[in-house]
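In this chain, numbering begins with 1 at the start of the sequence shown. Please read all numbers here as calculations on a predicted model, not as lab measurements.
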Amino acid sequence: MLHNTNQIKAFFDEFTSTVTYVVYDPNSLDAVVIDSVLDYEPNGSKISTKSIDILVSFLKEQKLNLHFTLETHAHADHLTGAQELKKHFPKIQIAVSERILGVQEVFKKIYNLPEKFIPNGKQFDRLLKDGENLKVGSLELKVIPTPGHTPACTSFLVGDAVFVGDLIFMPDTGTGRCDFPKGSSQHLWESVTQKIFTLPDSTRVFVGHDYKGGGTREAAWETTVGEEKKLNIQLKGSTTLDEYKKMRDGRDQNLAVPRLLLPSLQVNIDAGRLPAPEGNGIRYLKMPLSI
């Protein structure tokens with residue numbers, strides 16, 4: 001696979017370990033954003049736009065023609081900044097896999113959302129079909145269904161680069177967890193081995209999060225298919241389904257709930273919209289109690 005001329009700019013959010021990407025053609029200046037972040041401080045339940053402001057500054061400095069902000073899935077570890085980004089670029093489309101409908105159905109029940117929230121995906125501007133070739137100006141993206149971490153996870157192949165969200169991480173970290181509703185270790189194994197690992201070994205892999213090897217190194221977010229197949233500590237090219245399921249399912253039983261799961265998902269299944277202000281002018285997030 002030839003190395004194309006598209007440029008990739010990464011923005012690392014220290015608080016959530018999330019990596020946001022801008023992918024753009026330096027000639028046409030056509031661009032997309034993948035997995036933006038709206039800052040949320042849980043102790044004070046405070047929203048800020050620091051990450052979005054940095055992102056917007058770059059987009060405007062480069063004079064990029066932003067077409068889409070893409071979501072690899074409904075994130076459980078950060079709030080998407082899609083709506084805030086749209087305030088700066090009103091013509092952009094917020095896009096996610098059409099499989100988001102199943103995620104919306106599950107979490108509408110968990111949060112007991114009002115009847116006016118209909119789990120039909122229309123909260124998003126564009127629902128992407130599995131296998132779709134998305135033409136974005138001079139950019140071409142292949143939509144690759146990669147469920148497992150969640151049922152709606154999607155990877156995006158742009159030239160010789162694939163953006164995998166929480167499917168797999170840097171080789172010293174492993175893979176995404178699979179214990180969210182309708183997640184599946186078998187589906188994740190299939191997504192990795194039958195889709196990502198079938199790409200050329202030279203394909204660049206850009207991950208959705210990085211945890212700095214447990215604090216042993218600096219943040220990193222780019223690897224290759226070949227490196228993942230050879231070195232991923234949880235899922236190599238030689239790892240069998242039974243081996244992976246035993247490891248992943250056993251490990252997930254002991255993992256703590258992500259600290260921003262409850263605030264994040266109610267916002268992210270609504271394409272990043274914050275709850276409407278109530279009669280006193282204050283917005284409220286819903287928090288189900290486990291007793």
Side-chain angles (χ1 to χ4, degrees), residues 18 21 32-36 67-83 92-111 113 117-136 140-158 162-169 175-199 205-209 235 241 244-245 248 252 258 261 264-273:
T18 303
Y21 297 100
V32 298
V33 165
I34 300 174
D35 289 344
S36 62
H67 293 263
F68 281 91
T69 180
L70 305 170
E71 304 289 343
T72 57
H73 62 296
H75 312 277
D77 41 31
H78 72 272
L79 279 66
T80 174
Q83 294 295 332
I92 66 170
Q93 295 186 62
I94 303 170
V96 71
S97 166
E98 63 183 355
R99 286 172 281 116
I100 194 67
L101 276 66
V103 178
Q104 289 180 323
E105 288 177 0
V106 167
F107 283 98
K108 177 175 181 175
K109 294 176 182 176
I110 289 175
Y111 290 109
L113 295 178
F117 181 86
I118 302 172
N120 57 9
K122 290 187 178 180
Q123 298 80 4
F124 297 84
D125 299 310
R126 177 78 173 266
L127 296 179
L128 302 171
K129 297 184 179 300
D130 292 347
E132 178 179 350
N133 290 308
L134 184 64
K135 183 77 172 176
V136 184
E140 294 185 13
L141 294 81
K142 178 76 171 180
V143 178
I144 305 175
T146 48
H149 173 62
T150 79
C153 285
T154 300
S155 297
F156 299 104
L157 180 65
V158 191
V162 63
F163 299 84
V164 295
D166 292 12
L167 180 69
I168 50 176
F169 301 123
T175 72
R177 62 195 294 171
C178 300
D179 59 332
F180 297 134
K182 296 188 179 181
S184 165
S185 56
Q186 177 170 337
H187 290 165
L188 190 144
W189 182 88
E190 292 169 348
S191 293
V192 174
T193 62
Q194 299 175 21
K195 293 174 183 172
I196 302 304
F197 282 0
T198 62
L199 298 171
V205 175
F206 291 88
V207 302
H209 294 279
L235 183 47
L241 173 58
Y244 180 71
K245 280 176 59 67
R248 186 72 269 170
D252 286 350
L261 182 145
S264 294
L265 278 165
Q266 61 192 288
V267 170
N268 294 341
I269 62 171
D270 199 14
R273 292 178 183 85

Pair Q83-D270, side chain to side chain contact (heavy atoms under 4.5 Å, CB included): steps then yes or no: CA-CA 10 Å; Q83 294 295 332; D270 199 14; over 6 Å; no
Verdict with reasoning, T175 to V192, per side chain to side chain contact (heavy atoms under 4.5 Å, CB included): CA-CA 9 Å; T175 72; V192 174; 5.5 Å; no
Side chain to side chain contact (heavy atoms under 4.5 Å, CB included) between F107 and Q266, intermediate numbers included: CA-CA 7 Å; F107 283 98; Q266 61 192 288; over 6 Å; no
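At least one donor-acceptor pair under 3.5 Å links the side chain of T146 to the backbone N or O of S155. Looking only at distances, no side-chain donor or acceptor of Q123 sits under 3.5 Å from a matching main-chain atom of I269. The closest donor-acceptor contact from the side chain of N268 to the backbone of H75 lies under 3.5 Å. At least one donor-acceptor pair closer than 3.5 Å links the side chain of K142 to the backbone N or O of G131. The closest donor-acceptor contact from the side chain of D252 to the backbone of C178 lies under 3.5 Å. With hydrogens and angles ignored, the 3.5 Å screen pairs no side-chain donor or acceptor of Y21 with any backbone N or O of V32. Proximity of a side-chain donor or acceptor of D35 to a complementary backbone N or O of T72 within less than 3.5 Å is detected.
Two residues are said to be in side-chain contact when any heavy atoms from C-beta on lie closer than 4.5 Å; V103 and I100 meet this criterion. For the pair S97/D130, a side-chain contact is recorded, criterion being any heavy-atom separation below 4.5 Å from C-beta on. Residues N133 and E140 are not in side-chain contact: their nearest non-hydrogen atoms beyond the backbone lie 4.5 Å or more apart. Using a 4.5 Å heavy-atom cutoff, the side chains of H78 and H209 are in contact. When side chains are defined from C-beta on, W189 counts as touching Q194, because their heavy atoms get closer than 4.5 Å.
Side chains of Y244 and T193: no donor on one and acceptor on the other come within 3.5 Å. For H73 and T150, the side-chain atoms include no donor-acceptor pair closer than 3.5 Å.
Contact record, G176 with L188: O-CD1, 3.7 Å, taken as the closest heavy-atom pair. The heavy-atom pair separating P151 from G183 by the smallest distance is CD-N, 4.4 Å. Residue A76 comes nearest to P258 through the heavy atom pair O-CB, 3.6 Å, listed as atom of the first residue, atom of the second, then distance. Residues I118 and Q104 share a closest heavy-atom pair of O-OE1, 4.5 Å. Contact record, P147 with R99: CB-NH1, 4.1 Å, taken as the closest heavy-atom pair. I94 and A271 get closest at one heavy-atom pair: CD1-O, 4.0 Å.
By the 6.0 Å contact criterion, NZ on K135 is enclosed, its count of non-hydrogen atoms from other residues, nucleotides or ligands being greater than 12. Other residues, nucleotides and ligands contribute over 12 non-hydrogen atoms within 6.0 Å of the NZ atom of K108. Within a 6.0 Å radius of NZ in K129, no more than 12 heavy atoms belonging to other residues, nucleotides or ligands are found.
Aromatic ring centres of F163 and F156: separated by at least 6.0 Å.
Between atom CG of residue L127 and atom CG of residue L101 there is a gap of 6.5 Å, rounded to the nearest 0.5 Å. The structure places CZ of R126 at 15.0 Å from CD of E71, a figure rounded to the nearest 0.5 Å. Rounded to the nearest 0.5 angstrom, I92 CD1 and H67 NE2 are separated by 11.0 Å. Taking CG from D125 and CZ from F68, the interatomic distance works out to 8.5 Å, rounded to the nearest 0.5 Å. Rounding to the nearest 0.5 angstrom, the gap separating the OG1 atom in T154 from the CG atom in L157 is 13.0 Å. If you take NZ on K195 and CG on L167, they are separated by 9.5 Å, rounding to the nearest 0.5 Å.
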